[in-house]
Amino acid sequence: MDNLTIARVFADVADLLEIKGENPFKIRAYRNGSDTIAHWPDPLATMDEAALRAIPGVGKDLAGKIRELVETGRSAYHQELLQEFPPTILELMTLQGVGPRTVARLHASLGIRTLADLEQAAKDGRIRALKGMGPKKEALILEALDERRRHAGRHLLSDTAETAAALVAWLQTECPATEFIPVGSLRRGCETCGDLDILAVGGTPAVIDRFVTYGLVERVLGQGDTKGSVLLGSGIQADLRLVPVESRGAAMQYFTGSKPHNISVRDRAAGRGLKLNEYGLFDVATGERVAGDSEAGIYERLGLAWVPPELREYRGELEAAESHRLPRLIAREDVLGDLHMHTTETDGRDDLEAMVESARAAGLRYLAITDHSRSLAMANGLDERRVIAQAARIRALNDRLEDFTVLAGIECDIRPDGSMDLADDCLAELDIVVASVHSAFNQDEAQMTDRVLSAIEHPYVDVIGHPTGRLLLKREPYRLQMDRAIAAAAAHGVALEINSQPDRLDLGDTHARLARERGVKLVVSSDAHTRAGLVALRWGVVVARRAWATPDDVLNTRPVEGFRAGLRRNRTRPRSEA
DNA sequence: GCCGTTTTCGGCCCGACTGTTTTCAGTCG
């Protein structure tokens, strides 16, 4: 049983307890536990009770339930709750404007169990008959059902960022006296965003009035003097919050989150006789405001270094901020080379020369061409003969270039049996080999793990490309024991890729952090298929930052000679040859 | 249900908006 499954059980328990009207702090305990477990880097299935209890938010009870889940595959408590309520009732909670109290009442008085039941009841006008409900609530439920059908769920970081950039640019033109700042999960660089939060610093309620008239607004969800909320045509919900200029820092801190980070910061404030809200940091005794203009001022007053937004996930950042041990995070400018891209030779849309020009324009100093190998016939993958011919062309081009290096590489398929898709003597000829899985995604965990471990052990493999194979919001990662892959990569000096494609971001932040902590070098690569695709490096860098990576953790921040020296093929030469 | 240089018992972040209320509950972030 993996961590995500355990996390889901606890999240379900929290929802069910909420519907039941249980003690809110008990509910929070399950929810906190669920959130922590979902991002916990080590597999809980292999941990004993003492180790489990060392996880923050996991006490005697939760540790026992985790053991029960691991050993029996189920939790008696979870099952008990499911006897009281049908499992489908949890879907009702995902509707905008429908919370636990409403679900409980719908279930108790109308026997509603499913989304279909709810829709029928709303259409029949049975909702409005309930105490505390009315025609408007009924209409809202129908709208929420419709919206859920059309664009359920979350949005890629890059999509949210584009939406935000356009909206902020428009707002800035319409209301030049007000400053607009995107905050929330977008500012933290989360791989997907549920909605878009924007601050309007120093504006008047007229700014909210303007906001709801934005051309891409599909529906106004709410509008007051300090807050407006709209649904955009893309399905992204955007919230605009008005704050006074003197609260700029406090509001940025508050609305950037994450929730557990903020709870912890507030807790820390309370311990010092201070109260923190979106308007500032206040002395409880005197009511005096002691900070709030800037984020740094708030953290400083609490004895903390300013925490970069990407680290605000309650994963040890406050302890590091307190002891001034926060890492100097990698930035896009630190990346000097790009090690994964395709050309017209396989499934790319631009040729070798165009990719080089694009990389130069992006401020890079070197790149590696890594087209697909033979097995990927769909992409016109290269066999040994074509690989060698392409390498010759790359080297000829390289000889003509000044102040820039082009490396000859390949993205070589890892076959289902773990062998490489090209002959060893061919791979040996190249400057860099990225090995990736592109087939037989459905192998079981043992097969897939052995397969990837074989690749890591192969002497000419330098990097594992998009190690989990996930496609965000589309495809689950393949079943790979990541802790074993990371251990093997560390042992063999193989780097793991952070693939920057917005729908991959693979490795993700928690795995990348674990790899880094275990001594594995990372590379941030674009996997560009067009010359414009190199801009994706931006997103890979965000993931690396969320993994607490410094430039030193990422091989392609080094100048080309240092980079090449760090590749596995150049540092595992047998001693007799040295 | 978790947790502890304030606490092993008694706390647990906090404010805005909506719809249904005639003073507030529910939802959201």
Side-chain angles (χ1 to χ4, degrees), chain A residues 10 13-15 17-19 21-36 52-66 77 92-106 127-141 143-144 183-186 188 193-199 205 208 212 220-231 237-243 247 250-251 253-282 284 314:
Chain A
F10 287 166
V13 168
D15 284 347
L17 290 175
E18 209 165 15
I19 293 169
E22 266 272 10
N23 174 0
F25 299 109
K26 180 172 170 179
I27 294 161
R28 186 185 298 172
Y30 275 101
R31 201 153 277 148
N32 281 345
S34 173
D35 290 345
T36 306
L52 290 172
R53 291 194 62 175
I55 298 173
V58 175
K60 186 163 181 285
D61 243 80
L62 261 52
K65 290 191 171 72
I66 292 169
Y77 187 50
L92 304 180
M93 294 257 288
T94 65
L95 293 172
Q96 173 83 33
V98 177
R101 311 306 311 148
T102 306
V103 169
R105 196 172 317 148
L106 290 170
I127 307 284
R128 68 180 71 191
L130 295 181
K131 184 169 155 51
M133 312 251 184
K136 281 199 174 178
K137 188 79 180 173
E138 199 171 77
L140 275 175
I141 286 174
E143 276 194 83
V183 286
S185 51
L186 171 61
R188 300 203 310 281
C193 301
D195 59 13
L196 170 55
D197 295 302
I198 300 174
L199 291 184
I208 307 283
V212 300
V220 179
L221 299 170
Q223 183 183 1
D225 280 349
T226 65
K227 177 183 168 182
S229 192
V230 300
L231 189 64
Q237 179 181 328
D239 294 343
L240 186 72
R241 300 171 193 260
L242 211 57
V243 295
S247 301
Q253 200 285 327
Y254 183 93
F255 290 116
T256 295
S258 67
K259 191 180 282 196
H261 173 89
N262 280 359
I263 287 175
S264 182
V265 171
R266 280 157 179 271
D267 191 43
R268 193 177 171 90
R272 287 167 157 67
L274 302 169
K275 188 180 79 156
L276 179 61
N277 60 25
E278 60 264 55
Y279 299 111
L281 184 63
F282 300 89
V284 173
Y314 194 51

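Quick note on labels: first sequence line is chain A, next is B, and so on, each numbered from 1. Because the structure is a prediction, the values reported are computed rather than measured.
Positionally, the nearest nucleotide of DNA chain B for A/Gly59 lies more toward the 5' end than for the other of A/Gly59 and A/Gln237. Residue order along DNA chain B, read from the 5' end via each residue's closest nucleotide, puts A/Tyr30 first among A/Thr94 and A/Tyr30.
In this structure, A/Lys137 NZ and A/Ile127 CD1 are separated by 10.0 Å, a value rounded to the nearest 0.5 Å. Atom CD1 of A/Ile27 and atom CG of A/Asn32 lie 12.0 Å apart (nearest 0.5 Å). Atom-to-atom distance recorded for A/Leu95:CG and A/Ile141:CD1 is 7.5 Å, nearest 0.5 angstrom. Note that CG of A/Leu17 is 9.0 Å distant from CG of A/Asp15, once rounded to the nearest 0.5 Å.
Checking the phosphate oxygens (OP1, OP2) of B/dG15, a side-chain nitrogen or oxygen of A/Asn277 falls inside 4.0 Å. At B/dA16, one or more side-chain N or O atoms of A/Tyr279 fall inside 4.0 Å of OP1 or OP2 (strictly under the cut-off). At B/dC17, one or more side-chain N or O atoms of A/Thr226 fall inside 4.0 Å of OP1 or OP2 (strictly under the cut-off). Remark: A/Lys275 is in phosphate contact with B/dG15, judged by side-chain N or O atoms under 4.0 Å from OP1 or OP2.
Nucleotide B/dA25 holds its C1' atom 10 Å from the NZ atom of A/Lys137, rounded to whole Å. Atom C1' of nucleotide B/dG29 and atom CG of A/Asp197 are separated by 7 Å, given to the nearest angstrom. Taking atom CG of residue A/Leu240 and atom P of nucleotide B/dC17, one finds them 12 Å apart after rounding to whole Å. Atom pair A/Tyr314:OH and B/dC13:P shows a separation of 11 Å (rounding to whole Å applied). Between A/Met93 atom CE and B/dG26 atom C1' there is a gap of 12 Å when expressed in whole angstrom units. Atom CG of A/Asp239 is separated from atom P of B/dT27 by 18 Å (rounded to the nearest Å). Following rounding to the nearest Å, A/Gln96 (CD) and B/dC17 (C1') show an atom-to-atom distance of 12 Å. Here B/dG29 presents its C1' atom at 6 Å from NZ of A/Lys227, a figure rounded to the nearest Å.
Residue-level contact check: A/Arg105 touches the backbone only, with heavy atoms under 4.0 Å from sugar-phosphate atoms and none from bases. Within the nucleic acid shown, A/Ile27 has no heavy atom closer than 4.0 Å to any nucleic acid atom. Heavy atoms of A/Pro100 sit under 4.0 angstrom from primed sugar atoms or phosphate atoms, though from no base atom. Among the atoms of the strands shown, none is found under 4.0 Å from any heavy atom of A/Ile208.
Side chain A/Asn32 to base B/dG1: no donor-acceptor pair is found below 3.5 Å. Contact annotation: side chain of A/Tyr254 to base of B/dG29, donor-acceptor pair present below 3.5 Å.
Heavy-atom contacts from other residues, nucleotides or ligands closer than 6.0 Å to OH of A/Tyr314 number 12 or fewer.
The side chain of A/Pro135 approaches B/dT20 more closely than any other nucleotide in the set B/dG29, B/dT20, B/dC12. Candidate nucleotides B/dG19, B/dT27, B/dG29 were compared by shortest atom distance to the side chain of A/Arg241, and B/dG29 ranks first.
With both ends at atom C1', the span from B/dC2 to B/dT7 equals 13 Å, rounded to whole Å. Separation of the C1' atoms belonging to B/dC13 and B/dC28 is 14 Å when rounded to the nearest angstrom. Taking atom P in both B/dT8 and B/dG15, one finds a spacing of 28 Å when rounded to whole Å. Look at the P atom in both B/dA16 and B/dT21: the space between them is 25 Å, to the nearest Å. Between B/dC12 and B/dT20, the distance separating the two C1' atoms is 30 Å to the nearest Å.
A/Glu278 contributes no side-chain N or O that, together with a main-chain N or O of A/Tyr254, makes up a donor-acceptor pair within less than 3.5 Å.
Here B/dG4 sits opposite B/dC9 as a Watson-Crick or G-U wobble pair (both hydrogen-bonding atom distances under 3.5 Å).
Within residues 256-268 of chain A, the residues approaching DNA chain B are A/Lys259, A/Ile263, A/Arg266, by heavy-atom distance under 4.0 Å.
Of the options A/Glu143, A/Arg128, A/Met133, a side chain to side chain contact (heavy atoms under 4.5 Å, CB included) to A/Glu138 is made by A/Arg128 and by none of the others. A/Glu18 pairs with exactly one of A/Arg31, A/Lys26, A/Arg101 by the salt bridge (charged side-chain N to carboxylate O under 4.0 Å, His left out) rule, that one being A/Arg31.
The nearest pair of heavy atoms linking A/Ser229 to A/Asp239 is OG-OD1, 2.6 Å.
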